[in-house]
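Below is one structure, written out as structure tokens, with a few remarks after it.
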Amino acid sequence: MNTRKKRVTLKDIAEAAGLSTASVSMILAGKSLSRFSSVTVDTVYTIARQLGYETKRTKRDRKVILLVCPSVINPYYATIIQGMEQEAKARGLQTLLITTYWDTEKERWICDFAKDPLVAGVVFAMIPQQPELVHELNKLIPVVAVGDKQNELGLDTVDVNNYNAGMLVGNHLLEMGHAQIAYITTSLNSQHSARVRRLEGLRAAIKQAPHHQGKQLHIFTEEISAHTELHTVDIEHRVGYTLAKRCLQERPQVTAMVAINDMVAYGVMDAIIDAGHQIPEEYSVCGFDNIYPSHFSGVGLTTVEHSIIQRGKSAIRLIESKIDRTGLSMTENEPGAVTRVEYQSRLIVRNSSNHTVT
């Protein structure tokens, strides 16, 4: 008995989509797409994937994985992407990097682009800003996100617990005697969950501290547009510098500043030093992520280790396992199953916060 699977043809897709074979051929070849509505193109891509259609192009390049990140100017993202590409190279996978600069329209475009049969899967180096959109994409092709622990996301993730990271930093500063702490951050909203969770962890540490009534957390934040992200290379350092200057002027009682990440922390440190103050004798400064410049002797930043390279590699291993698990479509393959890989946060204490407040 012959059990060989019937080869899917353009005619099969055309019949399922209610289109001509010529139209399906043009769409799958990426030719004259402006002649067709986005709904039609999406329908053809979806049916082609569901039926398991393969062309010479998809057979040759079907291992192309999209890597999505906000930008590569921050060493955090550059490092995590390099970890992904190291693992992809070792596994014979092809990658294509796309940046968003936190532009939701660009993220939407990526979700549409990813439906092309050439794309085998998508790895987000951050938590997507539009999780509901990405969740729909995940029904069609494998998607993995690297970022913050969020059980409600509905995606496979490689993450850290940013709430715990905030607690680590908060407890460290409280143990050193700091009672007035400032949180310095770029855009702080639901689209940037890691920033919010770190803030919540800091708040919890203060609330749980003995005699917490005399302790305060002061928030300094600046909303950054996608246009500014794209056109201002040093935006994180600039925001850290500007907000730290404001903090020095408006909250002179503050003795410790916690930046949303190490790049923002560098701006905070420069502002403190330029104002004639000393670190850590007068002000302690902490960041998050432990990017490689933070251990330089001229920086010596106290920060939280987030296993950047390792998480990037894990994301590629996870996406490959999802791609190769079976020959089934995504709608048939373990519906509702979500895999989470969590790395533990570790506090790295350096010279920027090694002075006890008296």
Side-chain angles (χ1 to χ4, degrees), residues 76 127 147-153 157-221 240 243-244 246-248 250-262 264-265 268-269 272 279-290 294 300-308 311 340-358:
Y76 169 82
I127 295 299
D148 182 47
K149 178 181 178 181
Q150 289 192 77
N151 293 326
E152 72 278 7
L153 192 61
T157 57
V158 178
D159 52 38
V160 291
N161 190 324
N162 280 292
Y163 178 89
N164 287 348
M167 287 276 290
L168 286 173
V169 172
N171 287 331
H172 167 65
L173 293 174
L174 291 166
E175 288 168 5
M176 299 189 71
H178 294 283
Q180 301 293 320
I181 302 170
Y183 184 59
I184 310 293
T185 179
T186 44
S187 303
L188 187 63
N189 53 49
S190 60
Q191 292 183 342
H192 299 283
S193 61
R195 302 173 191 178
V196 175
R197 294 288 286 164
R198 290 171 184 177
L199 171 60
E200 290 172 346
L202 282 167
R203 281 176 169 159
I206 291 174
K207 185 175 181 180
Q208 295 171 21
H211 312 295
H212 66 270
Q213 292 84 354
K215 298 174 173 62
Q216 284 184 290
L217 182 64
H218 309 270
I219 301 171
F220 290 84
T221 182
L243 294 181
R246 271 187 53 201
C247 179
L248 291 171
E250 299 175 11
R251 294 289 186 272
Q253 70 271 33
V254 164
T255 58
M257 299 189 197
V258 179
I260 183 56
N261 61 35
D262 290 3
V264 173
V268 170
M269 296 173 79
I272 292 171
I279 301 171
E281 290 80 5
E282 295 177 79
Y283 291 93
S284 286
V285 179
C286 299
F288 294 91
D289 295 331
N290 195 30
S294 293
L301 178 66
T302 293
T303 183
V304 178
E305 170 62 47
H306 275 159
S307 307
I308 308 173
R311 284 196 291 146
R340 283 191 57 252
V341 179
E342 181 178 343
Y343 282 79
Q344 298 298 305
S345 301
R346 290 187 298 112
L347 183 70
I348 309 295
V349 179
R350 298 194 179 100
N351 293 336
S352 69
S353 69
N354 66 359
H355 184 80
T356 302
V357 177
T358 56

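All values reported here derive from a predicted model rather than from experimental measurement.
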* Structure fact -> Between the CG atom in L168 and the OG atom in S345, the distance rounded to the nearest 0.5 Å is 6.0 Å
* Asked: Under a 4.5 Å cut-off applied to non-hydrogen side-chain atoms, are R311 and V341 in contact?
  -> no
* Asked: Any side-chain heavy atom of H306 sitting closer than 4.5 Å to one from N162?
  -> yes
* Locate the shortest heavy-atom distance separating P252 from Y283; write the atom from each residue and the value. => O-OH, 4.4 Å
* Do side-chain atoms of S352 reach the backbone of L301 as a donor and acceptor pair under 3.5 angstrom? -> no
* Structure fact -> In terms of heavy-atom contacts, G287 and V169 come closest through O-CG2, 4.3 Å
* So, does K215 use its side chain to make a donor-acceptor pair with the main chain of I181 at under 3.5 Å? -> no
* **Pair R197 + E200, salt bridge at N-O below 4.0 Å** => yes
* Distance in Å, Q344 CD paired with E305 CD, rounded so as to fall on 0.5 Å steps -> 12.5 Å
* Verify, without hydrogens or angle tests, whether T185 (side chain) and I260 (backbone) share a donor-acceptor contact under 3.5 angstrom. => no
* Side-chain H-bond candidate by donor/acceptor type, H178 with S284, under 3.5 Å -> yes
* Do I272 and M257 touch side chain to side chain, with heavy atoms closer than 4.5 Å? -> yes
* Under 3.5 Å: donor-acceptor pair, side chain of D262, backbone of F288 -> yes
* Asked: Yes or no on side-chain contact (heavy atoms from CB on, under 4.5 Å) for Q208 and M167, after CA distance, side-chain angles and deciding distance?
  -> CA-CA 10 Å; Q208 295 171 21; M167 287 276 290; 3.6 Å; yes
* Asked: What is the distance from atom CD1 of I219 to atom CZ of R251, rounded to the nearest 0.5 Å?
  -> 11.0 Å
* Asked: Between S187 and R195, is any pair of side-chain heavy atoms under 4.5 Å apart?
  -> yes
* **Pair N261, D289: side-chain N/O donor-acceptor within cut-off below 3.5 Å** => no
* Asked: Is there a donor-acceptor contact under 3.5 Å from the side chain of R203 to the main chain of L217?
  -> no
* To do: State, yes or no, whether a side-chain contact exists between T302 and L347 at a heavy-atom distance under 4.5 Å.
  => yes
* In Å and rounded to the nearest 0.5 Å, what is the OG1 to CZ distance from T303 to R346? -> 11.0 Å
* Asked: Do T255 and M176 have side chains that get closer than 4.5 Å, going by heavy atoms?
  -> no
* Specify the closest pair of heavy atoms between N171 and A205, including all atoms of both residues, with the distance to one decimal. => OD1-CB, 3.5 Å
* Asked: So, the side chain of T221 versus the backbone of T186: is there a donor-acceptor pair under 3.5 Å, distance only?
  -> yes
* To do: Taking all non-hydrogen atoms of both residues into account, name the closest pair between Q253 and Q180 and its distance.
  => O-CB, 3.3 Å
* Is a donor on one side and an acceptor on the other found under 3.5 Å between the side chain of R340 and the backbone of D159? -> no
* Using the side-chain contact (heavy atoms from CB on, under 4.5 Å) rule, take H172 and V258 through it: C-alpha gap first, then chi angles, then the decisive distance, then the call. => CA-CA 11 Å; H172 167 65; V258 179; over 6 Å; no
* Side chains of E250 and F220 in contact at under 4.5 Å (non-hydrogen atoms) -> yes
* Asked: Under the 3.5 angstrom rule, does the side chain of S353 hit a backbone N or O of V285 as a donor-acceptor pair?
  -> no
